[in-house]
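Quick note on labels: first sequence line is chain A, next is B, and so on, each numbered from 1.
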2 protein chains.
Amino acid sequence: MTTDSCKQPRLLPRDRIVEAARELFRRRGIRGTGVDAIADAASSNKMTLYRHFNSKDELIVECLQRAGMEMDGFWRELEDAHPGDGLAQLRAWVRRIAEHLGDDNCHCEMMSAAVQLTDEDHPGRSVIRKFKDAQRDRVVVLCRKAGVANAELLCDTLLLLIEGARVAQQSSGVQGPSARFAEIADAAILSFSGSGAVPR
Amino acid sequence: MTTDSCKQPRLLPRDRIVEAARELFRRRGIRGTGVDAIADAASSNKMTLYRHFNSKDELIVECLQRAGMEMDGFWRELEDAHPGDGLAQLRAWVRRIAEHLGDDNCHCEMMSAAVQLTDEDHPGRSVIRKFKDAQRDRVVVLCRKAGVANAELLCDTLLLLIEGARVAQQSSGVQGPSARFAEIADAAILSFSGSGAVPR
DNA sequence: CGAAAATGTTACTGGTCGGTAACACCGTCG
DNA sequence: CGACGGTGTTACCGACCAGTAACATTTTCG
């Protein structure tokens, strides 16, 4: 009856709960999702949930950490596909983000959580903060490897464009400004790398 | 006791309620703010609230509409300050957004609501959508007036950068990528207007 | 003034929330 | 076999939620 996605392959209850929570948080929002609904969607129950997590907030933290780990794997794939080539990795990064923009899971858990976790002291906020800082470091290194003149500026430009594309999709739909994200981001990369070590 | 901001000048109860709601929505989130808290903050009570609004959702809609009207006034100021000069209006727009980025009220009510109103059919979503569409139309007209070659592309670039700056501030704080928003947006305007009908 | 409208007060409903207690079930391993 | 750890079930708690009813009070205005 429930729209599940992780019951068949008999994952451990803990993993089913986390994945069910992530999906529900995406669809209904964090505050709009009750622990009962999470336990149901995970084909488990509230008691098992609270045996693994002392509170809903702890579960939220785990969800964010897992999302961060998935992104880490994502970056590793890029490095494997274009080893040492910062420019190619940047381009591939932009392309894959653009591809996922329309998905139901568009990898915007961090962004959504950052907006929904209004409490400044929520434990999830430090997870978001650390992830974003690490992401920024990674991207700026790629920009340097790509040989662009002002690596920090291109880095922040891309980060703003990406976050903007994700949130603009929530506001204006897929036909809004985010539809041209790939085009815009590519142009940014080109303009920065073109003025430095110019390709072709 | 309560951190009010609109009780002294004895506004109408309806206006006090809307303004109190907007402030609480900003600080605690929409789902995290109860109607009792809104009525209290407005130095009013739940009954008067429900005499003016049939539901909390109606109040949310009114808050979004009022936020949109404030932005309209904002645009009118820009037109008055730089009549007919699209390029100057674009620049002033970017500058003022950058100035407000650090504020507690950074004019991101629409964006926050777009993320928090997870229900696709929530009446507030159409308000957001209409506002964003109108904003896009306005900006693209300004870009054309500014004489840039690809007005639509500069328009969407700026819109993505702005939304990105606002949400990046939630994720990474004021010292994150959004700190360089003005610099980045100015560079975008320059690169577009410089390559088309070049000034000077 | 006096009536009518708007506002305030209290108390209540039915539902949901996060979180817990007590107990039953079930597979694993000794 | 029996003990045990992980899991499921039911019921419950106090707090909060959106929304309403009945009544008292204040404000507005003819």
(message) Just to verify, what does B:R22 make a salt bridge (charged side-chain N to carboxylate O under 4.0 Å, His left out) with, not counting sequence neighbours?
(response) B:E19, B:E70, B:E109
Is it true that a side-chain atom of [X] and a backbone atom of [Y] form a donor plus acceptor pair closer than 3.5 Å?
X      : Y      : value
B:T157 : B:L153 : yes
B:K56  : B:I30  : yes
B:S191 : B:A188 : yes
A:R166 : A:C108 : no

Over how many whole Å does the gap from [X] atom [atom1] to [N] atom [atom2] extend?
X      : N      : atom1 : atom2 : answer
A:R31  : C:dG18 : CZ    : C1'   : 13 Å
A:L49  : C:dT20 : CG    : P     : 11 Å
B:I38  : D:dC17 : CD1   : P     : 10 Å
A:D15  : D:dT7  : CG    : C1'   : 15 Å
B:Y50  : D:dA22 : OH    : C1'   : 18 Å
B:D119 : D:dA18 : CG    : P     : 16 Å
B:I30  : D:dA18 : CD1   : C1'   : 15 Å
A:D40  : C:dC17 : CG    : P     : 11 Å

(request) Would you please say whether a donor-acceptor pair under 3.5 Å links the side chains of A:Q116 and B:Q116? (result) no
(message) Looking only at the side chains, is there a donor atom on one of A:R31 and A:T118 sitting less than 3.5 Å from an acceptor on the other?
(response) yes
(message) Assigning hydrophobic clusters by single linkage (Ile, Leu, Val, Met, Phe, Trp, Tyr; side-chain heavy-atom cutoff under 4.5 Å), is B:L161 placed with B:L159?
(response) yes
(request) Using a cut-off of strictly less than 4.0 Å between a heavy atom of the residue and any atom of DNA chain C, enumerate the qualifying residues of residues 53-60 of chain B by number. (result) none
(request) Classify every nucleotide of nucleotides 7-16 of chain C by which part a protein heavy atom approaches to under 4.0 Å, writing B for the base, S for the sugar-phosphate alone and - for neither, in 5'-to-3' order. (result) BBB-------
(request) Using the six-membered ring wherever Trp is involved, compare the ring planes of B:H100 and B:F74 and label them parallel, tilted or perpendicular (cut-offs 30° and 60°). (result) perpendicular
